[in-house]
Amino acid sequence: MSSVAADSHVHRAFHFYQESLGKKVVMAATGVVLFGYLVAHLLGNMQVYLGAEQMDNYAAFLHSMPALLWGVRALLLISIVGHIVSSIQLARLKSAARPVSYVKKEAIASSYASRTMMWSGPIIAFFVIFHILDLTTGAAGAAQFQDLRAYENLVYSFRRVPVAAFYIVAMVLLCMHLYHGLWSMFQSMGVSHPRYTPIIKRAAAWVAILMAVGFISIPISVLTGLVGANL
Amino acid sequence: MQLDSRIPSGPIEKAWDKARFEMKLVNPANKRKYSVIVVGSGLAGASASASLAELGYNVKCFCFQDSPRRAHSIAAQGGINAAKNYQNDGDSIYRLFYDTVKGGDFRAREANVYRLAQISVNIIDQCVAQGVPFAREYGGTLANRSFGGAQVSRTFYARGQTGQQLLLGAYQALERQVASGKVKMLARTEMLGLAVIDGRARGIVTRDLITGKVESHVADAVVLASGGYGNVYYLSTNAKGSNCTAIWRAHKRGAAFANPCFTQIHPTCIPVSGEYQSKLTLMSESLRNDGRIWVPKKKGDKRTPEQIPDAERDYYLERRYPSFGNLVPRDVASRNAKAVCDEGRGVGETGLGVYLDFSDAIQRLGADGIRERYGNLFEMYERITGEDPYRVPMRIFPAIHYTMGGLWVDYHLMSTIPGLFVIGEANFSDHGANRLGASALMQGLADGYFILPYTLGNYLAGAKLEKVDTAHAEFRSVENEVNAMTRRLLSIRGKRTVSSFHRELGKTLWEDCGMSRNRASLEGAIRKIRVLREEFWGNADVLGGGEELNQALEHAGRVADFLELGELLAIDALQRDESCGGHFREEHQTPDGEALRDDERFCYAAAWEYAGAGGQPVLNKEPLKFEYVPPTQRSYK
Amino acid sequence: MNLTLHIWRQKNASDPGRMVRYEAKNVNADMSFLEMLDVLNEELTLKGEDPVAFDSDCREGICGMCGFMINGVAHGPQRGTTVCQLHMRRFKEGDQLHLEPWRARAFPVIKDLVVDRSAFDRIIQAGGFISVSTGSAPDGNAILVPKPAADLAMDAAACIGCGACVAACPNAAAALFTGAKITHLAKLPQGQPERYQRVLGMVAQARQDLFGSCTNIGECEAVCPKAIPLDVIAGMNRDFIKASWERREEVIEKGAG
């Protein structure tokens, strides 16, 4: 302890993060960043309905500010790492806290979503890696992948049914993850009130559903020919 | 045996101040050289342990449960009295003193009761400061209610869970001292023997309930705070584990046992439903504030309550006691319930019950008004009986609830063994022959927080204590006794379960020495208990070993003690040839059936001395003087 | 009614334990669950078999001593009810009931359905009190407490420390128990001086006793016999964040050991 005692800020952060409550705050805070990104990303993606030019211009616009782009990417990377590391540490705590499991155990109040965060999370993480390789770097993209041709890349990618299906499944899981995560963020940060908590819970559910619907609409539009029919 | 009650001379108002001034003090630096054992962690034990540790003594506290927070004080519902007069309704220390002496039917020590009333105000302050969430008025001041027939509102409460909250306050104070290292807490550890060296209590022998290890603990003083012995009746409102073992084993080592026949029967309990019944559940007495008690006028009336019109109902308490009505003291309410059931007018399947009816109150206050006051009690009733008391009247019947008797103590709360202090329900206490509602919590905390810490210091400062350790021959001999008893219990291997003996003992006492007693029934009880005890030692079935968690063995040891105490209880009841408070001898009643005291012959506390197995216990009398509250016939008409 | 019981039998802490099947015949609907087990134990005793060990004391739902899992639910199927207050009328002929002890690293099994919950006492020792020694209290009405605050404190203070929250939590967290005590004392003016030190101490102790972490899913609230709300956990989190932010060196040194 003495080595960190010299620096009270380090010491304070150490003690904070040492507790599971501190880890959860880290998880909540990084969750806020990631959620913010998802909102921006969804709004960006919705431009697919405005046509190829708009979409490609948007991509070019983002790439015209490399400092900002890489700054955001760095922040996202840090948040993802923080989110994942804290969740792994908490999960290890969980298995240590109940080494002998029940012969019979019923869940009577918790939602399916809340109990499956440790499944939905890793699947989403795996999806994100694939998603970047598919549409950002093109390493796992469609044969026609071209750098910065966002609209075409997207359409060609989603015409591959397995890719579209994986995307849709991932977005359903994301919806569940957000459904519990959004409300849980408030609870972890200590925001709770008998009057507002039910409202927050309901709002979290709607936001999660709307976001999933927004994202899922894209591959469906591609597959049904609503988007990219001219390609 | 000489009984020196050590009551300070002079006016009663100054007695406690005078006593405190005259007490010797232990130098602050010397306190850490003393060690104290406290047995029990309820209101009395936890408050005493915490307070002694705060003063600097080294305390070892024992409880048989898994945590000190489980002690049965936790189940007290109604409230705690204090002469704060916050309601400006004419209350005072003197009035609380007067009510308590009168309520106890003039069988308590005046000076003790006066001190209790004085200290009551400090208790509330202490508990508030600890964070006990007492009920509050909208202005933020403490709320009060009238309770158990008191004419003033002096009862402080925390919903229907006052005992819980007060106990948690004391428990938290105790845990704070555990954290500071001044208290060593030994849970799941049962006291099975008392070590007396050179005539002074110097330690105890315990059994670790998980490993079965028998161990000696040495100290400079021993405090018993192990609660009452109501479970001698098997069915009572006490917790399943409540027992008399600590005080009984101390009695057998020389501590006098006072007034064992003073047992309190609480009028508002949920009736017995079958042979399997393991305990009785109390419904707070506060229910009598709004509920009306009645039975059908006709004998054997099997109609459902709503089919019986008002004219055919007998609201017997309102009829017999117009000024107190349903709020008469506990003993009066209980006896009247028994009387109407004996007449064949009892209700429910067993005929052992009376109605407690809220329909008038629901009309007056609305169901929501009732829910606000008694919601949790109504829910509890429905959970247990499956009936909804908002629609059907509750059925209630009296049950053993509290024992006013206990080890005899002087004004300093010290027993007849020097260095052995007894506090809370375990001592013969300040309640005389009948305890008023909301007074038990008050007494337990008064003893633990504000009396014992002074009187124990006085004892330690004045005693010349030899240095002893657990290698002393006395500890060996007590340990041997304890081990021998364990071996004996485990070797019987008879054909009856320990519970069946306990049930039979309880049934005998309830029928022959319960709400009312007479010479013949008491003589019969003594005979029956002796036979039962004999059978127990020849035919009880205790399985398992002594070196493991063995709940049957724990129970067997406690029942063995109850089988001895039960006999003393009946002997005491036989000796006290008068009626007073909860002790109702059928031979002694007024023409309209009220208890008739005999102050000429029985104005004393009966302190019994153990005379060996099979010996006739020796009676010592501490005469009681009433200089401030002249004895009168209690009247609640 | 007749029931089939599958009860966890474990001789002592080192025995691996197993489920054993028992038949409970002629169970009366008015019995409490523990009375049903009492009857079973008497039958086992007369047959010369070791009776089932389980904890109970007050048997009126307030001491918190009893508790085990019935078909995977802490304290059984009735909400807001301890197992001692659960009555057999909740069950029906032929039901199969699985009885298991609370399971958590922090609550090691002692025997059968009996577990060691002393970890809860240690959490209280770490700060679940107000440091006011006997005799030093001001008059009870000297500090006014708004009624809503007193009521909220009482809601949280109703906790009986039975451990059902830990047992029901998939993470075996003690968040509801710890949060309840923190909230009780934080709502009252008397609890303010030690408020932030208290939360740091108690939270650290829960970690040292190897309780898991809360994932805000609400199983604890659902099984709590006193219906302590999840809000108390949010309150604890809030105080923890504030306390961590304002943490001073001396507190750290004290808490670091």
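In the text below, chain A, chain B and the rest are named by the order of the sequence lines, each starting its count at 1. The figures that follow rest on heavy atoms only: side chains count, while hydrogens, waters and symmetry mates do not.
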A/S95 versus chain C, the contacting section by heavy-atom distance below 4.5 Å: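 The answer is neither part of A/S95.
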
Side chain / backbone / both / neither for A/V103 at chain C, heavy atoms under 4.5 Å: both

Aromatic ring pairing C/H98/C/H6, orientation class (parallel under 30°, perpendicular over 60°, tilted between):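 Correct class here is parallel.
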
Parallel, tilted or perpendicular: rings of A/F126 and A/F166 (30°, 60°): tilted

Non-hydrogen atoms of chain A under 4.5 Å away: do they reach the side chain of [X], the backbone, both or neither?
X: C/P229; answer: neither
X: C/C220; answer: neither
X: C/W8; answer: side chain
X: C/I233; answer: both
X: C/A74; answer: neither

Cation-aromatic face contact A/R202/A/W183, 6.0 Å, 45 degrees: no

Max heavy-atom pair count under 4.5 Å with chain A, selected residue of [options]:
options: C/A172, C/A106, C/A175, C/G17; result: C/A172
options: C/E221, C/R238, C/R103; result: C/R103
options: C/P101, C/A206, C/G212, C/P170; result: C/P170
options: C/G235, C/G218, C/C214; result: C/C214
options: C/I241, C/N71, C/V203, C/N216; result: C/N216

Test item: side-chain donor near acceptor, A/Y17 and A/R12, under 3.5 Å: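 No, A/R12 and A/Y17 have no side-chain donor paired with an acceptor closer than 3.5 Å.
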
Pair A/S188-C/N237, side-chain donor/acceptor within less than 3.5 Å: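 Not at all, the side chains of A/S188 and C/N237 share no donor-acceptor pair under 3.5 Å.
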
Ring centroid separation C/F120 to C/F107 under 6.0 Å: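 Yes, they do, as the ring centres are separated by less than 6.0 Å.
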
is_close_aromatic(C/F240, C/Y196), centroid dist under 6.0 Å: no

Out of [options], return the one with the most heavy atom pairs under 4.5 angstrom to chain C.
options: A/S20, A/S184, A/A91, A/A13; value: A/S184
options: A/H193, A/K105, A/Q187; value: A/Q187
options: A/G22, A/A107, A/A113, A/S111; value: A/A107
options: A/V191, A/I108, A/L90; value: A/I108

Separation of C/M154 CE from C/K187 NZ (nearest 0.5 Å): 15.0 Å

Pairing of A/R160 and A/D134 as salt bridge, 4.0 angstrom limit: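 Counted as a salt bridge, because a side-chain N and a carboxylate O are separated by less than 4.0 Å.
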
Lys/Arg-Asp/Glu bridge criterion (N-O < 4.0 Å) met for C/D239, C/K242: no

